[in-house]
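Quick notes on the structure that follows.
Chain letters run A, B, ... following the sequence lines, proteins first, then strands; residues in each count from 1.
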Amino acid sequence: MTTDLSARASSTELTGDLRKALFTTMIRSRTFEEAILREYHADKAPGFDIGKGLIPGEMHLSAGQEPVAAGVCEHLTAADAVTSTHRPHHFAIAHGVDLKPMAAEIFGRVDGLGRGRGGHMHLFDPSTHFSCSGIVAEGYPAALGMAFAFSRRGTDAIAVAVTGEGAANAGAFHESLNLAALWKLPVVFVIEDNEWGISVSREASTPIPSNADRAAAYGIPGTRVEENDVEAVYAAAGEAVARARGGGGPTLIEVHTLRLWGHFEGDAQGYRPDLDQVPDRDPIPRYEATLRDAGVLDDAVGEQIRSAASIEVEGAIAFAKASAEPDPATVLDYVFV
Amino acid sequence: MTTDLSARASSTELTGDLRKALFTTMIRSRTFEEAILREYHADKAPGFDIGKGLIPGEMHLSAGQEPVAAGVCEHLTAADAVTSTHRPHHFAIAHGVDLKPMAAEIFGRVDGLGRGRGGHMHLFDPSTHFSCSGIVAEGYPAALGMAFAFSRRGTDAIAVAVTGEGAANAGAFHESLNLAALWKLPVVFVIEDNEWGISVSREASTPIPSNADRAAAYGIPGTRVEENDVEAVYAAAGEAVARARGGGGPTLIEVHTLRLWGHFEGDAQGYRPDLDQVPDRDPIPRYEATLRDAGVLDDAVGEQIRSAASIEVEGAIAFAKASAEPDPATVLDYVFV
Amino acid sequence: MTVTDRPAQAPTRRLNTSKAMVEAIAAEMEANPEVFYLGEDVGAYGGIFSSTTGLLDRFGPQRVLDTPISETGFIGLAIGAATEGMRPIVELMFADFMGVCLDQIYNHMAKIHFESGGNVKVPMVLTTAVGGGYSDGAQHSQCLWGTFAHLPGMKVVAPATPADAKGLMTAAIRDDSPVVYMFHKGVMGLPWMVKNPRSIDVVPAGEHVVEIGKARVAREGSDVTIVTISLSVHHALDVAEQLSNEGISAEVIDLRSLVPLDRDAICASVAKTGRLVVVDEDYLSFGMSAEVVASVTDRDPSLFKAPPVRVAVPDIPIPYARPLEYAALPRQDRIEEAVRKALR
Amino acid sequence: MTVTDRPAQAPTRRLNTSKAMVEAIAAEMEANPEVFYLGEDVGAYGGIFSSTTGLLDRFGPQRVLDTPISETGFIGLAIGAATEGMRPIVELMFADFMGVCLDQIYNHMAKIHFESGGNVKVPMVLTTAVGGGYSDGAQHSQCLWGTFAHLPGMKVVAPATPADAKGLMTAAIRDDSPVVYMFHKGVMGLPWMVKNPRSIDVVPAGEHVVEIGKARVAREGSDVTIVTISLSVHHALDVAEQLSNEGISAEVIDLRSLVPLDRDAICASVAKTGRLVVVDEDYLSFGMSAEVVASVTDRDPSLFKAPPVRVAVPDIPIPYARPLEYAALPRQDRIEEAVRKALR
Ligand SMILES: Cc1ncc(C[n+]2csc(CCOP(=O)(O)OP(=O)(O)O)c2C)c(N)n1
Ligand SMILES: Cc1ncc(C[n+]2csc(CCOP(=O)(O)OP(=O)(O)O)c2C)c(N)n1
Ligand SMILES: [Mg+2]
Ligand SMILES: [Mg+2]
């Protein structure tokens with residue numbers, strides 16, 4: 001399973017199909033989030049009332065960070081686990097969570113992943129071992145346990161644990177890396193450095209330029225991917241996943257990525273000095289240009305990928321809207337088994 | 001205040017007086033703990049009942065670790081703060097906490113530091129800014145606040161935060177180092193690596209050989225003092241204290257020290273393979289031999305230091321025993337101001 | 001002691017709760033250089049729920065500090081600074097996050113004064129946002145005041161009105177004991193969240209102190225007592241107003257603080273009405289609702305002419321979907337039903 | 001369901017509580033390879049309070065794991081493993097340390113099943129030592145079951161007797177919901193701590209399951225009901241035995257679990273006696289004692305012929321000095337006084 005990963009380490013060797021697959025994942029994710037964005041804001045007016053509308057509550061979108069999820073999850077199968085954060089959509093999608101129950105959960109419907117109990121920060125999909133948590137850094141430890149179970153059962157499945165750069169200053173981060181390193185658990189730790197923890201800049205929270213340097217505190221390899229480039233992520237993750245599957249223990253990867261939109265919807269981002277340059281850094285047009293230059297993509301293929309994504313996403317949104325709202329009489333269900 | 005510290009960095013340059021002072025601190029601490037050991041076990045028989053006797057409860061003694069406290073605290077004044085752990089006696093003594101109220105607290109008496117409310121894991125002495133906590137690693141954050149207050153008030157006082165090597169795997173450790181480094185707080189972090197966290201060896205808890213390497217995760221200097229040698233500690237602490245006082249921010253120092261006795265009294269240490277070699281590693285006879293070889297100490301001076309310590313300690317024990325037990329009618333006091 | 005001091009300003013100056021709270025903080029920071037505020041997004045952002053709007057501009061980054069996401073670290077820092085005599089205000093963004101830092105709160109902030117035999121004071125305020133009702137899910141909608149109130153050594157306040165938000169904040173900052181100040185998102189009067197009209201109201205200008213530990217009779221009545229706190233006070237008043245059309249006279253007691261708990265006020269009202277409804281947006285069991293009931297039975301269970309009724313979040317995590325969340329929260333419908341039940 | 005199965009062994013086989021607890025763990029580990037135990041000092045040391053004695057020798061380091069001092073990390077690991085279908089038992093050495101890992105416990109272990117709409121199970125046991133009485137100070141003597149019980153999604157059990165320690169542990173390991181298993185140091189029957197003679201008692205050999213959620217009538221009586229749990233059951237029985245000499249007939253209810261709480265058993269007994277004493281080694285306010293009282297008033301406050309009396313740790317941290325600690329804890333003297341008061 002890990003044999004040809006090192007051969008793929010350099011992006012020039014990626015096949016056209018693989019590059020299209022990476023691009024497609026990014027497009028599926030972006031298309032989904034654009035639809036959620038549209039639905040989320042559709043019925044919050046006049047003014048903006050966070051609790052109103054078909055999708056209420058906080059909404060943390062991952063647009064701009066698709067390269068991380070796409071590059072990492074391309075190495076995984078549904079037997080592997082991913083634990084994510086309050087900003088989970090891109091990883092859920094890249095890891096293969098079915099968009100229909102995922103959308104239905106975001107709409108709070110009975111056909112949702114959590115039958116409407118969880119919401120967008122609490123997506124649990126046993127069939128792909130996907131989960132997330134809204135408490136910063138506290139999704140990390142569960143990945144250790146999943147990895148522990150996989151290795152006790154003798155499978156070569158691994159767990160990927162994702163957080164933002166802000167989370168790397170939380171105690172759970174430290175305890176998790178130490179324990180995973182100590183027990184050589186098959187985990188890949190991924191930090192998405194999007195430069196911001198809500199309104200607090202990376203510089204205002206972290207005294208060193210690269211969290212990859214923190215890997216040394218646990219005796220494990222650490223890499224920082226400086227470009228928000230799916231192929232660079234793919235290469236770094238390939239090594240890390242192979243190491244984990246091969247019994248070599250955990251790796252820490254930090255990717256310098258981009259929060260294209262606000263921390264959550266409704267965030268005016270007044271604190272963000274570089275706000276007008278942000279759209280230019282969108283990784284999707286950049287990657288599309290690369291693939292066009294390389295002859296992997298043309299108008300027709302691009303259109304095909306986009307329209308397939310759009311059909312799938314709108315199908316998921318329609319599925320969600322058609323699903324029933326939970327019956328208040330069932331409010332006490334699912335506390336104990 | 002920091003001017004001649006670098007000149008003292010090499011132990012050969014220490015003056016005889018300073019070396020005697022370091023030795024004296026170690027002897028005072030050991031003498032105190034031997035007396036506590038005696039009193040603790042005096043009335044627990046037949047059998048061993050942890051709740052019985054004049055000193056009840058858990059008792060964590062620091063014998064063997066005196067070089068760390070003596071070497072660090074020699075650089076401090078009563079204006080500086082020290083936050084310690086469940087094993088606090090040596091640091092309290094080295095930092096100048098008065099033995100009388102300290103002993104009275106251990107005996108649970110009204111003249112104790114906490115009027116009998118705290119006990120040996122909860123020694124608070126505002127006059128020397130000394131405090132401790134029985135929750136592993138959770139004494140670290142308070143040191144940040146003390147350091148913060150000192151620097152906001154424009155003094156050059158600093159805070160020293162002490163834990164064991166086991167604590168370096170706790171979340172509070174990580175958060176504290178990160179925040180102190182980020183805000184360049186005048187803190188010196190000291191890890192006493194006595195090789196054990198109760199029965200769990202350093203190797204079974206920590207995947208790297210030196211916690212000093214964790215300093216790099218915060219962009220601060222880290223040193224490991226490999227010998228349990230008060231002069232080596234003194235040198236390393238001198239640099240760190242000078243850096244903190246000078247506005248250079250925190251330093252992490254790990255000292256490889258020795259837990260001469262059990263984790264707590266009553267610990268049979270069946271898990272400890274090197275048990276019979278432990279007494280030979282006692283740092284006090286070793287340092288005494290060094291000082292004798294150097295002509296700093298002879299029989300008379302050694303005897304003088306020991307008997308002064310003994311008189312002071314027995315005075316403190318007598319003071320404690322003479323102090324009244326708290327009146328049960330006062331049990332509700334001191335919850336709110 | 002309630003010092004209400006309205007010099008030049010019109011007596012009808014109306015503020016939302018967040019502005020009232022910030023006004024108190026600003027006044028105390030002005031008056032006392034030892035007061036400072038730290039937490040996540042409290043600087044340029046002004047607090048996710050507008051708890052610190054404008055403070056950074058006014059007092060600068062030395063006194064209004066954005067922190068890393070290290071709640072144990074920075075709450076512990078506040079505790080250490082308080083033991084040295086500073087008066088920190090430290091914000092835990094959501095009370096739901098208490099689990100990552102509770103040790104500092106309950107084993108340190110709340111115990112140091114006692115363990116030191118009174119020799120060390122910990123004069124600080126821990127502010128935190130609570131409450132649900134806007135589909136923020138099981139980890140961002142809790143009140144949890146029952147948890148804080150169960151653990152000794154900290155006062156626990158939760159204002160319902162703008163005036164109390166100011167007066168209790170002033171008192172909290174001046175208190176020499178640690179105070180947990182829980183502000184409900186739904187009482188802040190935020191422009192982007194549904195709000196009860198009572199979250200914008202008259203706030204005394206100038207110094208305004210509300211003593212911690214004294215409940216407020218939010219509405220007098222004679223048939224039934226509704227004891228509650230925070231946002232639920234507004235809901236209870238809605239119900240009381242509505243039921244008055246039917247000739248039902250409900251007294252509404254706003255506890256204002258759980259620690260100290262004004263047991264006298266509870267008992268006095270129940271002695272008058274004989275009927276009790278407790279409304280608590282925290283979980284039902286082992287929390288505020290039972291403690292209020294026991295405050296009465298401790299003295300005299302025969303004060304109850306009928307079984308007291310407890311309206312709280314049943315013992316489930318708070319669900320995301322609106323119909324479920326509304327069924328779980330103690331909203332007007334459930335309060336009204338409870339009052340009718342208590343009167344049967 | 002209480003399966004009590006005593007084949008060959010003598011019916012009078014007596015064990016202390018720790019051995020009974022370990023016996024249940026060993027049997028389940030034997031029967032099910034998915035069960036494993038992790039925590040601090042649970043290997044070679046055998047658990048600071050003998051919760052795991054002999055397990056390492058029998059099952060090896062792959063299934064009995066010493067952890068670093070990283071409670072969030074390793075409890076979270078247990079949760080993750082449980083969501084994958086393993087059945088971890090994870091030890092938090094003292095319940096007092098919950099503050100460093102409560103987020104994993106209450107926001108994850110206890111909520112994942114609900115948030116996933118029942119699609120993910122979290123079958124695990126969190127064991128933890130509780131209780132004071134041996135001068136271990138404010139950070140090592142707490143019971144805190146009120147805190148755990150207030151937060152929904154986890155069962156909370158606390159055995160008083162060796163037989164229940166075995167039967168509840170078996171049930172806890174087999175339960176598909178997370179169970180917090182709180183063992184009081186004073187009931188473990190440790191050789192190095194003062195113990196009530198009842199901490200060594202008959203324990204059924206072979207499979208023994210005690211259903212979680214059913215209280216036990218530890219002693220029948222007719223004048224007054226004492227509702228309690230864990231070590232205080234022994235103290236209450238001491239008092240009941242002594243008062244029987246005066247012709248006072250006290251019924252002692254051992255709750256066994258706070259979640260689920262056997263409200264029927266409480267009400268049935270109070271319906272009989274009309275008088276209630278609740279004994280709780282946790283803090284007084286916002287905890288178990290009020291919830292037990294409210295269990296009665298929820299149905300019918302007129303069941304009380306006299307005010308119920310609550311004996312708990314007053315709302316103070318637990319003091320170190322013996323005279324103060326003894327005054328704070330609900331020991332025999334205070335229980336006796338409370339019973340007399342309830343009977344007045
Ligand atoms: C323990 C905890 N503290 C604070 C928060 C509030 N919070 C939610 S997201 C966030 C910022 C996270 O920053 P980062 O880890 O960089 O992730 P990003 O949002 O940038 O993806 C904060 C502070 C939380 N959810 N949990
Ligand atoms: C958060 C927490 N976890 C566990 C404990 C129990 N405990 C007390 S001391 C100790 C070992 C500490 O080891 P180390 O930090 O190396 O200090 P040492 O005892 O060796 O001085 C443990 C696990 C505790 N007090 N607090
Ligand atoms: Mg970020
Ligand atoms: Mg150690």
- Message: Run the side chain to side chain contact (heavy atoms under 4.5 Å, CB included) test on D:K111 and A:R117 for me, step by step, so that the C-alpha distance in whole Å, both residues' side-chain angles and the decisive distance to 0.1 Å come before the verdict.
- Response: CA-CA 10 Å; D:K111 288 183 181 158; A:R117 272 73 183 167; over 6 Å; no
- Task: Just do the side chain to side chain contact (heavy atoms under 4.5 Å, CB included) check on D:M86 and A:F148 with the steps written out, would you?
- Result: CA-CA 10 Å; D:M86 297 192 79; A:F148 182 93; 4.1 Å; yes
- Task: Any chance you could lay out the side chain to side chain contact (heavy atoms under 4.5 Å, CB included) test for A:F336 and D:V179, step after step, and finish with the verdict?
- Result: CA-CA 10 Å; A:F336 293 123; D:V179 179; over 6 Å; no
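A distance of 9.5 Å separates OG1 of D:T67 from CD of A:E175, quoted to the nearest 0.5 Å. The line from CZ of A:R152 to CD of D:Q62 is 4.0 Å long, rounded to the nearest 0.5 Å. To the nearest 0.5 Å, the span separating CD on D:E115 from OG on A:S133 amounts to 7.5 Å. Interatomic distance, D:N119 CG to A:S127 OG, rounded to the nearest 0.5 Å: 9.5 Å.
Here the closest non-hydrogen pair linking D:T72 and A:E138 is CG2-OE1, 3.6 Å. Minimum interatomic distance between A:V337 and D:S177 (heavy atoms only, all atoms of both residues): N-OG, 2.9 Å. Among all heavy-atom pairs drawn from D:L77 and A:L179, the shortest one is CD1-CD2, 4.0 Å. The two residues D:F114 and A:V331 come nearest to each other via the heavy atoms CE1-O, 3.9 Å.
Of the two parts of D:F36, only the side chain, counted from C-beta on, holds a non-hydrogen atom closer than 4.5 Å to a non-hydrogen atom of chain A. Only the backbone of A:L113 comes within contact range of chain D, with at least one heavy atom under 4.5 Å from a heavy atom of that chain. Using a 4.5 Å cut-off between heavy atoms, D:V90 does not touch chain A at all. With a threshold of 4.5 angstrom between heavy atoms, A:F124 approaches chain D through side-chain atoms but not through N, CA, C or O. Interface residue A:D333: only backbone heavy atoms are found under 4.5 Å from chain D. Only the side chain of D:H108 comes within less than 4.5 Å of a heavy atom in chain A; its backbone stays farther off. When heavy atoms are compared at a cutoff of 4.5 Å, A:L123 does not approach chain D at all. For A:F150, the part lying under 4.5 angstrom from a heavy atom of chain D is the side chain only. Residue D:N107 touches chain A through its side chain alone, counting heavy-atom pairs closer than 4.5 Å.
Counting heavy atoms from C-beta on, the side chains of A:P141 and D:I75 never come closer than 4.5 Å.
Among A:P126, A:A81, A:A147, the residue with the largest count of heavy-atom pairs under 4.5 Å with chain D is A:P126. Put simply, of D:T83, D:V100, D:V120, D:D103, the one with the most heavy-atom pairs under 4.5 Å next to chain A is D:D103. Options D:E71, D:E84, D:K155 differ in how many heavy-atom pairs under 4.5 Å they form with chain A, and the most are formed by D:E84.
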